[in-house]
K.L.:
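One structure follows; several queries about it will come next.
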Amino acid sequence: MRVIRQELATLCCFLLLGVFLFLKDNLSPQNLGNSESVLLLIVVFLIMLWGAFNVVRHAESLAVILGEPYGTLILTLAVIFIEVALISSVMLTGADSSTLARDTMFSVVMIILNGLVGISLLVGGWRHKMQSYNVQGANTYLSVLIPLAVLGLVMPSFTASSQGGTLSPLLAIFLGITATVLYGVFLVIQTTTHSDIFQPPENKRQSITPTESNEHNLIVKTTSYHFVMLIAAILAIVFLSKQLAVYIDHVIVLTHAPVELGGFLIAAIILTPEGLSAVNSALANQLQRSVNICLGSALATIGLTIPAVLCVGWITALPVELGLDPLESMLLILTLLVSVVTFVSRRTNIMQGVVHLTLFAAYIVLIFDSV
């Protein structure tokens, strides 16, 4: 019974999926009506969000067992896998989803680099005054993230070979290979050649056996158990993503909401549990783990999502528009510059958190200002 209670979120995701498979077209927005569709969107969103917390719990348990940076890497890759699945589902079901991947990646980067980093630095600085981390690791993240973000989200708006923020076949191949190679080299550095720069400055790496842990109230079991349950939790969310995509598209059309809101909703599902993990780490004075989660997720979003959506677009012959408009490009570049300034020193304080949160507020205002 204890195991069932712990895995209840995943079980509910599979149960909801079974309901959709059994009732099929009876739950389509056209048959349900507008009010019922909005209500069902909320239900699916909340259950998937609950399931995402299960993903993070198992990933954090593996982090306790394996230590840094491997634990955070598992969490990051699990979350990005969900992101790609959600984007692909909406691309395949939405009426006009050519900009969805761009909007989602931009939302993820803004939420992470401004929202999560800002909150983590603010609450961590408020409780512990000054916090330290390994500046070499942060700089390594940014050295890969900055060129990939600019090449993937800004460059397509200025190319002459293809219009409207899309990429010509040559540039799409170049960008896909570049993102894959750069992220692959980064993973080698993070896990093999220079893993020490992604650990706390004190270089204290704890080796914890699978026992009951007090960290974040985790009950850590065996590696195989958490790995299997992590895969199950991910698959539950991935299978539900197609259903969510139908209702997101319908509700956005129904309410005349900004198209960017679809990307924001997907990013919210993906990042809420991971964001809480980053904030909790900052509160526990483990800023290194918080930095690894935030910058690692932002980098993985660009490095892995771009090749994935370009492949989906190529296979399905769907257009993929990656280029941001000038205002969004300005905000992205400003965010990257502020991030460089934030992570140039070895210690952080609440002022840096307030600055990042100001940029996040500007991003939210711009979403609804376009309506």
Side-chain angles (χ1 to χ4, degrees), residues 56 59-60 62-77 79-80 109 112-149 182-208 215-216 274-303 335-353 355-356:
V56 173
E60 286 193 334
L62 290 171
V64 171
I65 297 171
L66 301 176
E68 293 294 339
Y70 303 101
T72 301
L73 180 61
I74 291 172
L75 175 60
T76 299
L77 293 179
V79 170
I80 295 305
V109 171
I112 292 175
L113 293 186
N114 290 325
L116 296 185
V117 168
I119 294 174
S120 297
L121 296 182
L122 181 62
V123 299
W126 188 270
R127 173 172 291 187
H128 304 286
K129 306 302 180 186
M130 302 284 287
Q131 291 184 292
S132 61
Y133 63 97
N134 198 320
V135 69
Q136 289 180 292
N139 287 339
T140 303
Y141 281 117
L142 291 173
S143 67
V144 184
L145 174 61
I146 291 172
L148 281 182
L182 279 178
Y183 191 72
V185 173
F186 170 81
L187 287 183
V188 172
I189 292 174
Q190 185 183 30
T191 60
T192 307
T193 61
H194 296 79
S195 61
D196 57 309
I197 67 175
F198 300 97
Q199 298 174 21
E202 298 80 10
N203 202 26
K204 294 179 180 178
R205 183 176 180 181
Q206 296 179 343
S207 179
I208 302 177
E215 183 181 357
H216 305 315
E274 192 177 25
L276 289 177
S277 179
V279 173
N280 285 333
S281 296
L283 282 171
N285 205 21
Q286 297 174 351
L287 187 62
Q288 183 62 54
R289 175 165 169 77
S290 184
V291 169
N292 286 348
I293 290 174
C294 292
L295 296 186
S297 295
L299 175 57
T301 293
I302 302 296
T335 296
L336 295 173
L337 289 175
V338 171
S339 298
V340 170
V341 174
T342 296
F343 294 107
V344 76
S345 64
R346 297 181 182 276
R347 297 172 70 82
T348 62
N349 56 58
I350 61 173
M351 185 69 251
Q352 293 153 318
V355 172
H356 281 277

K.L.:
Could you walk me through whether Tyr183 and Ile302 pass the side chain to side chain contact (heavy atoms under 4.5 Å, CB included) check?
P.N.:
CA-CA 9 Å; Tyr183 191 72; Ile302 302 296; over 6 Å; no
K.L.:
For the atom pair CG (Leu122) and OG1 (Thr348), what is the distance rounded to the nearest 0.5 Å?
P.N.:
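Result: 10.5 Å between the selected atoms.
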K.L.:
Is it the case that the side chain of Ser143 and the backbone of Thr140 share a donor-acceptor pair, with hydrogens and angles ignored and the cut-off at 3.5 Å?
P.N.:
yes
K.L.:
Just verifying a value: how many Å separate Leu295 CG and Leu116 CG, rounded to the nearest 0.5 Å?
P.N.:
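The CG atom of Leu116 is 10.5 Å from CG of Leu295, to the nearest 0.5 Å.
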K.L.:
Quick one: CD1 on Ile112 to NE2 on His356, what's the gap to the nearest 0.5 Å?
P.N.:
13.0 Å
K.L.:
Rounded at 0.5 Å granularity, tell me how far OG in Ser297 sits from CG in Leu145.
P.N.:
11.0 Å
K.L.:
Taking all non-hydrogen atoms of both residues, which atom of Ser339 and which atom of Leu142 are closest, and how far apart?
P.N.:
O-CD1, 3.8 Å
K.L.:
Any side-chain donor-acceptor pair under 3.5 Å between Gln131 and Asn285?
P.N.:
yes
K.L.:
Write down the atom of Ser132, the atom of Leu287, and the distance for their closest heavy-atom approach.
P.N.:
O-CB, 3.7 Å
K.L.:
Nearest heavy-atom pair of Arg347 and Met130: which atoms, and what distance?
P.N.:
NH2-CB, 3.0 Å
K.L.:
Looking at Asn114 and Thr335, would you say the former's side chain and the latter's main chain have a donor-acceptor pair under 3.5 Å?
P.N.:
no
K.L.:
Rounded to the nearest 0.5 Å, what separation is found between the CG atom of Asn292 and the OH atom of Tyr133?
P.N.:
12.0 Å
K.L.:
Mind listing the closest non-hydrogen atom pair of Leu182 and Leu148 along with its distance?
P.N.:
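Leu182 and Leu148 have their closest heavy atoms at CD1-CD2, 3.8 Å.
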K.L.:
Do you know the tightest heavy-atom contact between Ser120 and Ala282?
P.N.:
O-CB, 3.4 Å
K.L.:
With a 4.5 Å heavy-atom cut-off, do Val135 and Ile197 have their side chains touching?
P.N.:
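They are not in side-chain contact.
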K.L.:
Return the minimal non-hydrogen interatomic distance between Tyr141 and Gly296, and the atom names on each side.
P.N.:
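Result for this residue pair: CE2-CA, 3.5 Å.
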K.L.:
Do Gln190 and Leu187 have side-chain heavy atoms sitting under 4.5 Å apart?
P.N.:
yes
K.L.:
To the nearest 0.5 Å, what is the distance between CH2 (Trp126) and CG (Asn349)?
P.N.:
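Answer for the CH2-CG pair, Trp126 versus Asn349, is 12.5 Å.
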K.L.:
Are any of the side-chain heavy atoms of Val341 and Val355 separated by less than 4.5 Å?
P.N.:
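The answer is no; the side chains never approach within 4.5 Å.
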K.L.:
Using atom types as modelled and distance alone, determine if a side-chain donor or acceptor of His128 lies under 3.5 Å from a backbone N or O of Leu283.
P.N.:
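Yes: the side chain of His128 pairs with the backbone of Leu283.
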